[in-house]
Every structure is written in C-alpha cells, then in structure tokens.
Engineer: 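This is the structure I want to talk about, given as structure tokens.
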4 protein chains.
Amino acid sequence: MLHITLNMGDSVPLYRQIMRQIQHLIATGRLGADDELPAVRVLAEQLVVNPNTVVRAYRELEVAGLLYKRRGAGTYVSSGATPYTEEERRRILSEQLDALLVESRTLGFGLDEVIELLRDRDQALKKKTDEDEA
Amino acid sequence: MLHITLNMGDSVPLYRQIMRQIQHLIATGRLGADDELPAVRVLAEQLVVNPNTVVRAYRELEVAGLLYKRRGAGTYVSSGATPYTEEERRRILSEQLDALLVESRTLGFGLDEVIELLRDRDQALKKKTDEDEA
Amino acid sequence: MLHITLNMGDSVPLYRQIMRQIQHLIATGRLGADDELPAVRVLAEQLVVNPNTVVRAYRELEVAGLLYKRRGAGTYVSSGATPYTEEERRRILSEQLDALLVESRTLGFGLDEVIELLRDRDQALKKKTDEDEA
Amino acid sequence: MLHITLNMGDSVPLYRQIMRQIQHLIATGRLGADDELPAVRVLAEQLVVNPNTVVRAYRELEVAGLLYKRRGAGTYVSSGATPYTEEERRRILSEQLDALLVESRTLGFGLDEVIELLRDRDQALKKKTDEDEA
DNA sequence: GTGGTCTAGACCACA
DNA sequence: GTGGTCTAGACCACG
C-alpha cells in the first residue's frame, strides 16, 4: 500500500503530486527496481481521484523512464534508468534556480546569504536522512 | 520604480508572481504604509504585460488587505500590513531551499553543482536586469 | 456647519453621497429656501475630499434645480423647484423597483409579501418621522 | 436551470448581480451543498454575457467560501454555506424597502403610487421572463 | 468536457 | 490622470 497524500487545495495538479511522490519513493529506495505499483483503479480509489489522473501520472513516469509496464501484468519500477539527459537536467534545475533568485531578491537576501543558508539546509537535510535510515 | 521580475516560462501565473513580489516588498519594508504603487498602465508597460494582469494582481492584494485604492487617485499600501521578522524571512527562504535540495537530489546534482549553477544564473539575471534598465 | 458623513469604502461615489445627503437635508426642511451652502473649499476641507468632488455635487444639484448660484456670492437652496419631470420621476422609481423585484424574488418573496412588508415599513417610517419632529 | 435575471442598465456591475443572486439561491436553500452550478460557458450563454463575467462572479464567490471548484470537473456549492433564517430574509428585504421608501418620498410618490407602479413592473418582469423561457 | 490565464482594446466613472 | 467593467477570443491544463 503506497503512502501518497494529495492536497486538493494545492495549485499543483493532482497527477503531478502523484508523480512527485512516487519519484521520491523511488529515489529514497522505498520502492526498488521491479517492485510492482498498485493497479490504476486501486490507487485511484485509494486517493479518491479520477482513474485518468493516475493513468496520466503512470504514463508520464513511464515516459521519463522511471516506470515500465508489462502488458496484462502491471506497472513496475525501472532499474537504474537515468530519466533525463544532462542538458535537460541542467535546464530543469536552472528554471528553479531562477525562480529562487527572484524570490530571495525580493526577500532582501543577497547571493552569498542564499548560498550560506543553502549549505545550512543541506546539512540539516543530510542529518535528517541519516536518522530516518537508522 | 518597482523592481519586479517576471518569469514568462514559469508555471506560476504572472499575476501571482506580481502579487508575491509586491507582498515581499511590503513585508521587507521597501514599501511602507500609504506609499503609492505605480499606476496599472505604468506597471503593465514596465513588465510588458497586459494591464488586466496588473489589475488582477492589485485587486487580489486589495482583497487580502495589503493594498487599498482611492477612487480616481491611485493604489496605496495599507497601513495594517505587517512586515516580516528576520525569523520569517529565513523561514520562507528555507522552505524553498529545502524543496530545491530535494529536487536537485532526485535530479542527481550534488550541493556544489547546485551552488555553481546558482552563481551562473545569478550572473545571467543581473545582466538581464541591467539591460532592462538601460 | 453641514452634517454630512462620507463612507470611503462604500461603492456609492463620494459626489453622490454628498448629493443625496444635501437632498435629504432639503427634503426634511433642515435646509430651507435661500439658505446658503458652505463654500466649495470649506466643505471639501471639512470632508477631506478633493474640491472637484464638491463642485460636481453642487453642479448636479444645480442642474436638478435644487440649488442655485449667485456669482461672486455663493450657493443657495432653491425654493420649491420640482427637479424632475413626471416622466423622469417614474423612470427613476421604476428602475429601483425592478432591482427590488429581482432581489425579492431570489429571496423567495412573492409580490404580495413584498407589498405587505412595504406597508409595514411605511408605517414604521411614518412613526419614526413623527417622533423626530416631536 | 438557474433563474438569474440581469439588469443591463443597472449601475451594479453584472458580475455582482450574478453573485448576489447565487448567494440568495444558496441562502434560501434552492441551491444545496455540493449542488453543481452551470458551467461558465453555459451560464454565460444563458445570460447573454461574456464568459469572463461569469468566471469573475464564480471566482469571487469561491474566495468568499460559498462555492468550490473541482479541477476539470465543475463548480459546486460549499457545504459550509449557511442558509438565511426567516428573520434574516425579512431584515434584508426590509432594509431595501426602507431605502426605497425614502427615495420615493423625495421623488414625491405616495405609498399607493409606489405599490401601483410596483405591480406594473412585476407584470413587465413576468412577461419578460416568460419570453426568455420560450 | 471543465476551469484558468492572458491579450487586445473598448467605454465609463471618478477625482 | 486614475481604476472598473466588459467584450471577444485565444491557448492551456486538467480529468
């Protein structure tokens, strides 16, 4: 049973919330290579969501190389696929960095302060991850 | 002259980007109570955006209590608007940095790479801002 | 000193609020024929309003026949002028009645109930007016 | 099919007329919790109005907590919407009747004339409604 | 199918 | 000059 939480009020589309959480489950190892995902209808019912929404999430994760389908069987986690090209990875991150810089600037932070805080948060996150694993 | 930067490619709507940045300008004290905001048409021209988009941003900020209008006169900062504390500024930025770190990690970037790219984007943004002003 | 209260937040324009209240002062006899009204600048200062706003209120009341101006002297209340033609009076009232009927209908009142309540309110208003005069 | 009547000549904006009437339909129980409202385009066509005007009415009612939207699905009545009590219905109508009586009095109409004209307008409105439905 | 956003541009009311 | 409303119509994202 997959632990996925949807925020109906959020502006992030439902299918993206699903995608992101599955992606995270894989990245953190809670879903391993060739693990089977719940059937579309099952997950849709669990999340109280239109089945099409789950279909879309699975489809886009398949296109991204994180999932694969076996006809008549089910949907599974891919093994070690690198979903994006180097080019794409940099473009995606750059977009987020641009938004971050605009935001931090209007908040009155300079680049150096942002970087300093970023290092702090990275330490905090690392520590938290280690504890979770322990 | 208000410093507002729009990300046309961003999935966040333009009117929300405007709202958020004005909110931050107020909350950090760079816009004080009863300061006059640029006229709708003026800001629209500055941002290369349709006046209605600015109208919407101003209107929603008015509903939220951050701005008030004087008929036929202009748009002003409400006096009840509470500035951020240093604490809040750091908290807001930290949340975004956490999200960024999670994302960059799933994309396979290490902290140093993120910081390097961040410096690149900052240079790019600075250059763009200077050109806009020229 | 004229007792006029302006509601800045109201959707009714300032000049109309002024008009209505002067009209009311005349209709109730608190301003009599040939009484002098405050100078535009005086009233504008009193109400903390742009002088043009008072100018407009006075002008429209003059057009309506309720006030007259004496050059170099001031503004005065007209004596017994009927501001509107029969035609206009009916048109103005009809518009308000139309709005009232739409509103009462969506509130679930039938015509007979509206008329009944209307008679009630008329009695209440008459009583209140008598008391004020006593 | 929602019964909404617009007064094109009225100084009250169309989107506010729509808002008020939907609010009343909810408050009088003719629209119940989770009832679906007509699609924006449908209502716009019915009222012979631009879709954006309906969008705006729906949006502001959503902000006010009376409606909620389900993405890609439709617009619905919130469950928290409190219906008017009999008391409230009468109070709302009474306020409008009081304003009407004051106005009609300054216009020189007596109660009986107001009622007579009210009956006329009711007939006219009924006729117009019937034609719209035909 | 649904709503969300944005543009282009009109006309009006207000100060 | 200011903001407010409305139209017409485009394109997109979501389910």
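Everything quoted here is computed from the prediction, not taken from an experiment. Below, chains carry the letters A, B, ... as their sequence lines are ordered, and counting in each starts from 1.
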Engineer: Report yes if some heavy atom in the side chain of C:Tyr58 is under 4.5 Å from a heavy atom in the side chain of C:Leu37; otherwise report no.
Structural biologist: yes

Engineer: Taking any heavy-atom pair under 4.0 Å as a contact, classify D:Ser11: base, sugar-phosphate, or nothing.
Structural biologist: nothing

Engineer: Can you tell me how far P of F:dC12 sits from CG of B:Asp10, to the nearest Å?
Structural biologist: 17 Å

Engineer: Looking at A:Arg91 and A:Glu95, does any basic side-chain N land under 4.0 Å from a carboxylate oxygen?
Structural biologist: yes

Engineer: How close do C:Gln21 and C:Ile4 get, counting heavy atoms only, and between which atoms?
Structural biologist: OE1-CA, 3.5 Å

Engineer: Answer with base, sugar-phosphate or nothing: what part of the nucleic acid does D:Arg41 contact at a heavy-atom distance below 4.0 Å?
Structural biologist: base

Engineer: Hey, where does DNA chain F pair up into stems, meaning at least three consecutive Watson-Crick or G-U pairs with distances under 3.5 Å?
Structural biologist: E:1-14 with F:1-14

Engineer: Both B:Asn52 and B:Ala39 contact DNA chain F. Which one's nearest nucleotide lies toward the 5' end?
Structural biologist: B:Ala39

Engineer: Contact class for A:Asn50 vs. all strands (heavy atom < 4.0 Å): base, sugar-phosphate, or nothing?
Structural biologist: sugar-phosphate

Engineer: Tell me, please, the opening and closing nucleotides of DNA chain E, 5' to 3', among those with an atom under 4.0 angstrom from a non-hydrogen atom of chain B.
Structural biologist: E:dT5 to E:dA15

Engineer: Without hydrogens or angle criteria, can the side chains of D:Tyr15 and D:Asn50 be said to hold a donor-acceptor pair below 3.5 Å?
Structural biologist: no

Engineer: Would you say that B:Leu125 contacts A:Arg105 through its side chain, given a criterion of any heavy-atom pair below 4.5 Å between the two side chains?
Structural biologist: yes

Engineer: Which residue, C:Arg16 or B:Tyr15, contacts DNA chain E at a nucleotide closer to its 5' end, judged by nearest heavy atom?
Structural biologist: B:Tyr15

Engineer: So, for B:Asn7 and B:Gln17, which heavy atoms are closest and what is the spacing to 0.1 Å?
Structural biologist: N-OE1, 2.8 Å

Engineer: Identify, between A:Pro13 and B:Pro38, the residue whose nearest nucleotide on DNA chain F lies closer to the 5' end.
Structural biologist: B:Pro38

Engineer: Do the side chains of A:Arg56 and A:Glu60 get close enough for a salt bridge, i.e. N-O under 4.0 angstrom?
Structural biologist: yes

Engineer: Shortest non-hydrogen contact from C:Glu103 to D:Ile92?
Structural biologist: OE2-CG2, 4.4 Å

Engineer: Whole angstroms only, please: what is the NZ-P distance between D:Lys69 and F:dA13?
Structural biologist: 19 Å

Engineer: Relative to the 5' end of DNA chain E, which residue comes earlier, B:Thr53 or B:Gly72, by the nucleotide with the nearest heavy atom?
Structural biologist: B:Thr53

Engineer: Tell me whether B:Ser104 contacts the main-chain N or O of B:Leu100 through its side chain, where contact means a donor paired with an acceptor under 3.5 Å.
Structural biologist: yes

